[in-house]
Amino acid sequence: MTVVLTHRTLPDEMAYLLPTTAPDVWRAAVARAAQLLAPSWDEHPSNLNALSFILLTLSVEREQSPESIPLQAVAEELSAQGEEPQELSRRIKAAGTTAGVLGNGYGPDTLDTLWTDLSSWLEAPGEPMGDAPGHPPALWAAVGRLHEVISGLDAATIRQTPVPLPSPGALTISAGRYVQVVSTNAIRPIKCDTCASCEGGSLRVDGPAVTFVCTEGHTTADHRLEVWHVRNALAHAGVPIGAEVTVEGDLLVTSRAYGEQSDPRSLSRFTAALLA
Ligand SMILES: [Zn+2]
């Protein structure tokens, strides 16, 4: 079976940013950001997370709801940023904490994890931290790209753009047998941390978090699992995404170390031979 995967859709990106515990002000910021990016999404799908944090910040600072922040205000904010918007990072952190969106710890389903991914320096590959400058925060490049997209919009277009709806962000995927994580040199089932059972469990996706729940109801976080890889595993298994789905037999998921669109069945000759 050949599966052609498209880029991440705007409703899927929204779902990724919306764990069930997300506060209403954050939901409103994501919705407004999605509306502003909808006209350009097909050509330039990007940076919904960064724009959501910027809208949240403007909402807190201006004491206005995210949906009523004018396009003009967003465009001015973006054009005021230099190439290293460190002050913007500080303001986002402060506003997020005020709004209760940030400061909730680093569990897999907290928005702090998303913010850290966006705002942290990344270690340069192969270089210990301290010896090389590393890669600047993803937020910096995102601000430049958002400036290009947002400054090209006019208010009339946005008024006519419906607010996009997120796709289901809370998924339960039951496996008939094992959830098998595939890397190039191994295929290993996810095992419950508490009772060591593997068979007949399910994966729970909640926004940016994914966990394994065994038949006894114990929850296990496994570092090999990642939400986009799980969504793509369903596409490769030919199972439409829905709030509750069942995969017969084994559910094959590509390990997060490999490309999120990789087909777990053809990741390497070695594992492909084992799965044949
Ligand atoms: Zn268990």
Side-chain angles (χ1 to χ4, degrees), residues 3 8 12 14-23 26 102-117 166-268 270-276:
V3 178
R8 301 174 182 185
D12 286 354
M14 292 175 78
Y16 181 79
L17 299 179
L18 297 172
T20 45
T21 53
W26 174 250
L102 297 177
N104 302 308
Y106 290 90
D109 63 344
T110 68
L111 298 163
D112 292 88
T113 306
L114 289 175
W115 171 241
T116 302
D117 289 347
S167 57
L171 313 175
T172 300
I173 305 149
S174 304
R177 212 164 69 106
Y178 302 130
V179 179
Q180 300 272 21
V181 180
V182 183
S183 59
T184 51
N185 58 2
I187 303 165
R188 292 209 184 89
I190 303 272
K191 196 196 280 186
C192 174
D193 274 350
T194 307
C195 71
S197 87
C198 318
E199 193 163 351
S202 57
L203 292 181
R204 301 271 169 87
V205 171
D206 186 12
V210 54
T211 48
F212 175 75
V213 181
C214 79
T215 49
E216 298 292 316
H218 309 128
T219 298
T220 298
D222 189 301
H223 70 278
R224 294 171 297 163
L225 289 172
E226 191 277 332
V227 168
W228 293 105
H229 291 72
V230 170
R231 286 177 172 270
N232 285 313
L234 289 178
H236 285 297
V239 176
I241 287 186
E244 304 254 348
V245 298
T246 300
V247 174
E248 292 186 17
D250 289 347
L251 170 60
L252 301 174
V253 182
T254 302
S255 168
R256 77 180 305 149
Y258 304 92
E260 70 181 37
Q261 299 204 331
S262 308
D263 184 346
R265 280 182 175 74
S266 51
L267 198 57
S268 75
F270 175 65
T271 50
L274 293 176
L275 289 166

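Not measured: the values here are computed from a predicted model. Atoms within each ligand, like the ligands themselves, are counted from 1 in listed order.
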Query raised in the report: So, D206 and T20: side-chain donor and acceptor under 3.5 Å apart, yes or no?
Result: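 Short answer, yes.
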Query raised in the report: Do T220 side-chain atoms and D193 backbone N/O form a donor-acceptor pair below 3.5 Å?
Result: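 Yes, because the side chain of T220 sits within donor-acceptor range (under 3.5 Å) of the backbone of D193.
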Query raised in the report: Does F212 reach the side chain of V179, with side-chain heavy atoms less than 4.5 Å apart?
Result: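 Sidechains of V179 and F212: in contact.
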Report task. Please tell me if the side chains of H229 and E260 come closer than 4.5 Å, counting only heavy atoms from C-beta onward. Result ->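 SC-SC contact between H229 and E260 confirmed.
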Report task. Enter the distance from H236:NE2 to D263:CG here, rounded to the nearest 0.5 Å. Result ->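 Result: 4.5 Å between the selected atoms.
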Report task. Report, as yes or no, whether the 6.0 Å neighbourhood of atom CZ on R188 holds more than 12 heavy atoms from other residues, nucleotides or ligands. Result ->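 Not more than 12 within 6.0 Å, no.
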Report task. For the Zn ion (ligand 1), report each protein N, O or S atom nearer than 2.8 Å, sorted by chain and then by residue number. Result ->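 Atoms qualifying: C192 SG, C195 SG, C214 SG, H218 ND1.
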